[in-house]
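Got a structure for you, written out below as structure tokens; questions coming shortly.
Note that the structure is predicted; figures quoted are calculated from it, not measured. Values below: every heavy atom of this structure, side chains too, minus hydrogens, waters and symmetry copies.
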Amino acid sequence: MALRNHSTVTDFILTGLSDDPRIEALLFVLFLVIYLLTLMGNLTMLLVIRADSHLHTPMYFFLSNLSFVDLCFSCVTLPKLLKDLLSEKKTISVEGCLAQVFFVFFSSGTEACLLSVMAYDRYAAICHPLLYSQVMSNQLCVRLVLISWGLASLNAFVIVLLATNLDFCDAQIIHHYTCELPALFPLSCSDISVTTNILLCSSLLHGLGTFIPIFFSYARIFSTILSISSTTGRSKAFSTCSSHLIAVILFFGSGFLCYLMPPSGSSLDLLLSVQYSAVTPMLNPLIYSLKNKEVKAAVKRTLGKYL
């Protein structure tokens with residue numbers, strides 16, 4: 001997919017995270033560690049969930065999809081960032097930039113949908129435990145995952161269509177370390193008011209459309225937990241959803257700030273983007289493994305088979 005013919009720019013220049021070679025060397029080591037931990041953590045989650053029959057439940061089916069999306073998310077931005085940290089000139093083609101915009105929105109959109117679906121799963125497990133196996137049937141779980149991927153693909157396609165309608169005449173410098181649509185707006189020599197409004201509406205619809213079900217699910221979950229008479233019962237019920245709640249706060253907190261605040265090219269923009277696209281995919285498998293006895297037991301069983 002290419003920009004319209006009267007756009008004269010064929011490449012963009014990324015400013016990256018720093019122009020100091022010493023700082024770039026330190027950042028390369030830091031992000032290489034983050035990338036390797038992300039790959040190792042999420043691949044381990046996928047392997048363990050697939051190999052251990054005790055984890056063949058709706059919750060872990062959704063978690064395996066989340067781990068796969070986190071792998072995709074990190075692979076969209078981090079390899080290019082690592083390459084640029086070792087390069088004097090950080091360039092990206094228009095086509096490569098558009099591809100990155102698509103996959104960033106596709107990965108983040110799918111993750112938002114999956115987190116929303118996982119909140120409904122926790123609601124069904126805590127509020128209706130006796131009906132859980134009937135409510136969360138295998139067919140429903142597969143449909144919910146397919147809908148998540150489909151909605152995210154549609155949203156990402158709309159966003160890329162917006163990007164193809166932007167005209168870039170002379171400006172080439174993107175004040176960011178990756179191609180994100182808000183960072184492209186200052187470079188456009190065409191009227192971006194309509195495009196900005198559509199992006200805002202799309203982000204709000206997708207963001208709130210996935211966050212509101214999470215909010216209402218947890219409102220019911222907390223109400224049910226507080227009605228449990230025993231302290232042990234309340235603690236056990238809360239522990240089943242605490243990992244997911246932490247993942248939701250990390251993802252939606254930085255995501256909303258990243259896309260709903262006007263782009264300024266400031267250090268805060270870069271920090272939010274790094275946390276959103278690099279740190280969260282690394283932390284998710286740690287959150288779900290460190291706070292989950294079932295996962296830790298499954299890891300030991302799986303490693304015991306292969307070692």
Has the side chain of Thr210 got a donor or acceptor atom that lies under 3.5 Å from a matching backbone atom of His206? yes
Do Val274 and Leu26 share a hydrophobic cluster (ILVMFWY, side-chain heavy atoms under 4.5 Å, transitive)? no
Minimum heavy-atom separation for His244 to Leu115, with atom names? NE2-O, 2.8 Å
OG1 of Thr57 to OH of Tyr132: how many Å apart, nearest 0.5 Å? 6.0 Å
Any donor-acceptor pair under 3.5 Å linking the side chain of Ser235 with the backbone of Thr231? no
What verdict does the side chain to side chain contact (heavy atoms under 4.5 Å, CB included) test give for Cys113 and Trp149, after you've listed the backbone C-alpha separation in whole Å, the side-chain angles of each residue and the deciding distance to 0.1 Å? CA-CA 8 Å; Cys113 290; Trp149 288 90; over 6 Å; no
If we only count heavy atoms from C-beta on, is the Phe102 to Ile159 side-chain gap below 4.5 Å? no
Counting distance only, does the side-chain N/O of His176 pair as donor-acceptor with the main-chain N or O of Gly16 below 3.5 Å? no
Side chains of Val117 and Val145, heavy atoms from C-beta outward: is any pair under 4.5 Å? no
Atom pair NZ/CG of Lys89 and Asp84 - distance to nearest 0.5 Å: 12.5 Å
Do any N or O atoms from the side chain of Ser202 and from the backbone of Ile198 form a donor-acceptor pair under 3.5 angstrom? no
Phe68 and Asn42: side chain to side chain contact (heavy atoms under 4.5 Å, CB included), yes or no, with the steps? CA-CA 7 Å; Phe68 181 73; Asn42 286 289; over 6 Å; no
Could you tell me whether the side chain of Asn65 and the main chain of Phe61 form a donor-acceptor pair under 3.5 Å? yes
Verify the cluster assignment for Ile212 and Leu151: are they in a single hydrophobic cluster under the rule of side-chain heavy atoms below 4.5 Å apart? no
Search all heavy atoms of Tyr177 against all heavy atoms of Ser277 and return the closest pair with its distance. OH-OG, 2.9 Å
Between His175 and Leu14, is there a donor-acceptor pair closer than 3.5 Å when you use the side chain of the first and the backbone of the second? no
Using modelled atom types and a 3.5 Å cut-off, is there a donor and acceptor pairing between side-chain atoms of Ser74 and backbone atoms of Leu71? yes
Above 12 or not: heavy atoms from other molecules or residues under 6.0 Å from CG of Asp19? no
Taking every non-hydrogen atom, the tightest pair across Met118 and Leu66: SD-CD2, 4.1 Å
Report yes or no: do Leu162 and Leu154 belong to one cluster of Ile/Leu/Val/Met/Phe/Trp/Tyr joined by side chain heavy-atom distances under 4.5 Å? no
Over all heavy atoms of both residues, which pair between Gly109 and Ala152 is shortest? Give the atoms and the distance, please. C-CB, 3.6 Å
Would you sort out whether Cys179 and Ile174 count as a side chain to side chain contact (heavy atoms under 4.5 Å, CB included), showing the intermediate values? CA-CA 8 Å; Cys179 278; Ile174 299 176; 3.9 Å; yes
Are there over 12 heavy-atom neighbours, none belonging to Phe222, within less than 6.0 Å of that residue's CZ? yes
Main-chain N/O of Gly96 paired to Ser93 side chain as donor or acceptor, under 3.5 Å: yes
Working for side chain to side chain contact (heavy atoms under 4.5 Å, CB included), residues Leu86 and Leu82: CA-CA 7 Å; Leu86 297 178; Leu82 291 171; over 6 Å; no
Taking atom OG of Ser64 and atom CG of Leu55, what is their separation to the nearest 0.5 Å? 10.0 Å
Within a strict 4.5 Å, meaning less than it, do heavy atoms of the Lys80 and Lys90 side chains meet? no
Of all heavy-atom pairs between Asn284 and Ala247, which one has the smallest distance, and what is that distance? OD1-CB, 3.6 Å
To check you understand the geometry: which heavy-atom pair defines the closest contact between Arg234 and Ile228, and what is its length? NH1-O, 2.8 Å
Judged by atom type as modelled, is there a donor-acceptor pair below 3.5 Å linking the side chain of Thr110 to the main-chain atoms of Phe106? yes
Just how far is it from atom CD1 of Ile126 to atom OG of Ser217, taken to the nearest 0.5 Å? 10.0 Å
Quick one: pull up CG in Leu283 and CD in Gln275 and give me the separation to the nearest 0.5 Å. 7.5 Å
Value for CD1 (Ile221) from SG (Cys241), rounded to nearest 0.5 Å, stands at 5.0 Å
Just do the ring pair (Phe, Tyr, Trp, His ring centres under 6.0 Å) check on Phe73 and Tyr276 with the steps written out, would you? CA-CA 10 Å; Phe73 207 169; Tyr276 176 67; 5.7 Å; yes
Do Leu39 and Cys75 have side chains that get closer than 4.5 Å, going by heavy atoms? yes
Any chain of hydrophobic side-chain contacts (each under 4.5 Å) joining Leu205 to Val158? no
Check: Gln100 side chain, Val76 main-chain N or O, donor-acceptor pair, under 3.5 Å: yes
Between Tyr123 and His128, does the ring centre distance come in under 6.0 Å? yes
So, do Leu81 and Leu17 sit near enough that their side-chain heavy atoms are less than 4.5 Å apart? yes
Under 4.5 Å between any side-chain heavy atoms of Val48 and Tyr60, yes or no? no
Is there side-chain contact between Thr77 and Phe103, with at least one heavy-atom pair below 4.5 Å? no
Should Thr280 and Glu111 count as side-chain neighbours, where that means a heavy-atom distance under 4.5 Å? yes
Go through the side-chain N and O atoms of Thr38 and Asp70 and say whether any donor and acceptor fall under 3.5 Å apart. no
For Asp20, salt bridge (charged side-chain N to carboxylate O under 4.0 Å, His left out) partners two or more places apart: Arg22
